[in-house]
Protein chains: 2
Amino acid sequence: MTRRIPQARERGIPDATVARLPLYLRALNGLAERGTATVSSEDLAVAAGVNSAKLRKDLSHLGSYGTRGVGYDVQYLIYQISRELGLTQDWAVAIVGVGNLGRALANYGGFVSRGFRVAGLFDADPAVVGERIAGLVVEHADGLESVIRKRGVSIVVIATPATAAQQVCDRVIAAGVTSILNFAPVVLTVPDGVDVRKVDLSIELQILAFHEQRKATGGPMMGDEWPDGVVVVSERGAALGEASQ
Amino acid sequence: MTRRIPQARERGIPDATVARLPLYLRALNGLAERGTATVSSEDLAVAAGVNSAKLRKDLSHLGSYGTRGVGYDVQYLIYQISRELGLTQDWAVAIVGVGNLGRALANYGGFVSRGFRVAGLFDADPAVVGERIAGLVVEHADGLESVIRKRGVSIVVIATPATAAQQVCDRVIAAGVTSILNFAPVVLTVPDGVDVRKVDLSIELQILAFHEQRKATGGPMMGDEWPDGVVVVSERGAALGEASQ
DNA sequence: GTGCCTTTGTGAAGCGATGCACAAAGTAGG
DNA sequence: CCTACTTTGTGCATCGCTTCACAAAGGCAC
C-alpha cells in the first residue's frame, strides 16, 4: 500500500495554476540550456511573463521547493513541474483528420519533445489513407477504436471538419479516451469525466478584431441601424437617429 | 462630431464576455441556416454550451436586444454581435512564417468567412518565397513593413519558429500593427497598447496530460525522489523516504 | 381591458484568482 | 554566535466572473 505524502500538495491545484505550469517549464528549460543553476521567483516570473507573487503562489501549490534567500534550483524545479504535469511518462496521441492542420500538427516538433508521441494518424478520405506523414502511415478512420485500444492512446486530437467532429468524439470516448484536444469549430458534447480543450483560430481572430476596433474608433460603428436602413429601437424605448449621429 | 449613445453599452465589456461572443455568433449562424427566426436564451445557451444566465448577462452588456416572453431575433442578434466584434468591416491579415502551420492557416476557410482577408504571406526562406499558396504568392520577409503599410494590414499572425518570433513581432509593431496572434512557443514582449493572443498546442496537451494523470492515478507518481535515486528533503525539513512509501 | 404565461434583464450572493505586503527562513560575513 | 541581507511562502484584502433567483416586461387569449 502506498501511503500518501501529507503535504502542501494536498490535491486540488487551481486550474489557473495548471495552465501556467507549462509556461514556467518552458522558461526553466530556457534557463537550463543557458546553464543557470538557480533562479529567483522574480527572474523566473519575468521570463514567463507573470507577476512574481503569482509565480510563488503557483509553485507553493506543488510543494515547498524553493530556498529562502536563494531561489529555486532550476533542474529540480523542472523535474517537479514535469512530474506534476505527468510529463515523466509518455502519452500516446492520435490525430484524427489529416488535412492541412492535421499535417501541421503531425510534423510539429513540440509534441514529441515533451512526453507526447504521435501513435496514429487517421482520415476518412481514401485518397489520404496510406500516405506517409512524419514517419507514420495514415490509417483509415474505421480502425480508430481498435488502434486506440491496441496502442494505448489516451489523448486524441480532432482536426477534422466541423461536421465530423462530434461523431469522431463519440467514437473515441466509446473506445475509452477521456482527453480530447479539439480544433474543429464546434462545441463538443461529452459525458462527465471527459476533458475537452478547444483551440479555435477563428475565435482568436474575432477577439483581436474586437480590441482593434476599440482602439481605432473607441467602439463599434455608431448607430444601431440595420444595414438596409431600418431604424431600430434600443432598450428603454429611446429611438435612435441616423447612423451618422 | 459624433455623439455618444448613453446606454447600457457604456464602454467596457468584460473580457470573459468578449471571448464568448464569437461562440454565440457561431451558434446563431447555425440556427439561422436552419431557418429559426427567434431563439430563447435557454436554447441558445445550450447550443453554445454555456449557462443561460451567463448568456443573458453577456448579451445585456451589448444592449437590450431581447423581447421578454419571446426571446431574441436571430438575424438581429447576429448583426449586433457582428457589429460589436467589428466583423461588419473586413480586416487585412498577414501571416508570417509559411511552414506547415502557416500553410494550414492560409488555407483555413474560417478566416475568409468572417470578415478576415489574408492580405499577405511572408517567409524568410528563399526556397519558399515565390510559392503560390491559397491564391497568394509568398513574399520575402524583407518587405514586411512596406506591405503592412501599403495594404493596411492590422492583424498579424506569427507562425515562425520560436527564435524568429520576437524579431518579427518588433518589426510589425514598428510598422503600426497593434494586434498579434502568436503561434510560436515564446512569451512575446510588447509595448502597452498592443494586444497579443497566444495559441500554444504544446501547452494545451500538457494541461490535458495533467488531468489525464489525475484521473488515472489520483495524482502524480508518488514520491519526491529524483529519477536517479537521490532522496530529497521536503519543506519543514521532513525527510521523505523511498518512492514506494 | 384583464389576467395568465413566458422570458428577459439584473441585484445580490458566492467563488476563485490576483497582488500586496510582511513574517519566517535561509545565506553570508565577521 | 550574532547581525545584516535576501528571497520564499502566505494571510488578507480586492477584484472580476459566475450563478441564483426574481421582479419587470412583453405577448396572447378571451
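Chain A is the first sequence line, chain B the second, and so forth, proteins listed ahead of strands; every chain is numbered from 1.
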Side chain of Asp15(B) only, heavy atoms from C-beta on: which candidate in dT10(D), dC17(D), dA21(D) is closest? dC17(D)
Under the 3.5 Å rule, do the base of dT8(D) and the side chain of Arg68(A) count as making a donor-acceptor pair? yes
Of all the nucleotides listed (dT8(D), dT10(C), dT10(D)), which has the minimum atom distance to the side chain of Ser60(A)? dT10(D)
For Glu84(B) and Gln213(A), test the side chains for any donor-to-acceptor distance below 3.5 angstrom and give the result as yes or no. no
It should be established whether Ser41(A) places a side-chain nitrogen or oxygen under 4.0 Å from OP1 or OP2 of nucleotide dT8(D). yes
Could you say whether Leu59(B) or Val70(A) is positioned toward the 5' end of DNA chain C, judged by the nucleotide with the nearest heavy atom to each? Leu59(B)
Taking the side chain of Ala16(B) as its heavy atoms from C-beta onward, which of dT18(D), dT19(D), dG26(C) lies nearest to it? dT18(D)
Atom NE2 of His61(B) and atom P of dG11(C) are separated, to the nearest Å, by 11 Å
How many Å lie between NZ on Lys54(B) and P on dA13(C), as a whole number? 21 Å
For atom CZ of Arg56(B) and atom C1' of dT18(D), their distance in whole Å: 13 Å
Testing the 3.5 Å rule here: is there a donor-acceptor pair between the side chains of Ser52(B) and Glu42(B)? yes
Any N or O donor-acceptor pair linking the side chain of Lys57(A) to the base of dG19(C) at under 3.5 Å? yes
What is the distance from CG of Leu55(A) to P of dT7(D), rounded to the nearest Å? 14 Å
Could you tell me whether Tyr72(A) and Tyr65(A) have their ring centroids closer than 6.0 angstrom? no
Distance check needed: dT10(C) C1' versus Asp58(B) CG, whole Å only. 13 Å
Evaluate side-chain contact (heavy atoms from CB on, under 4.5 Å) for Tyr24(B) paired with Val50(B), printing each intermediate quantity in order. CA-CA 9 Å; Tyr24(B) 303 153; Val50(B) 302; 3.9 Å; yes
OP1, OP2 of dC17(D) versus side-chain N and O of Asn51(B): anything below 4.0 Å? no
For a side-chain contact (heavy atoms from CB on, under 4.5 Å) check, start with the C-alpha distance between Leu201(B) and Leu205(B), then their side-chain angles and the critical distance, and finish with the verdict. CA-CA 6 Å; Leu201(B) 317 175; Leu205(B) 276 186; over 6 Å; no
Whole Å only: how far is the CG atom of Leu62(B) from the C1' atom of dG9(C)? 13 Å
For atom CG of Asp43(A) and atom C1' of dT6(D), their distance in whole Å: 13 Å
Rounded to whole Å, how long is the line connecting atom OH of Tyr65(A) with atom P of dA25(C)? 19 Å
Name the residue closer to the 5' end of DNA chain C, choosing between Tyr72(B) and Gly69(A) according to the nucleotide with the nearest heavy atom. Tyr72(B)
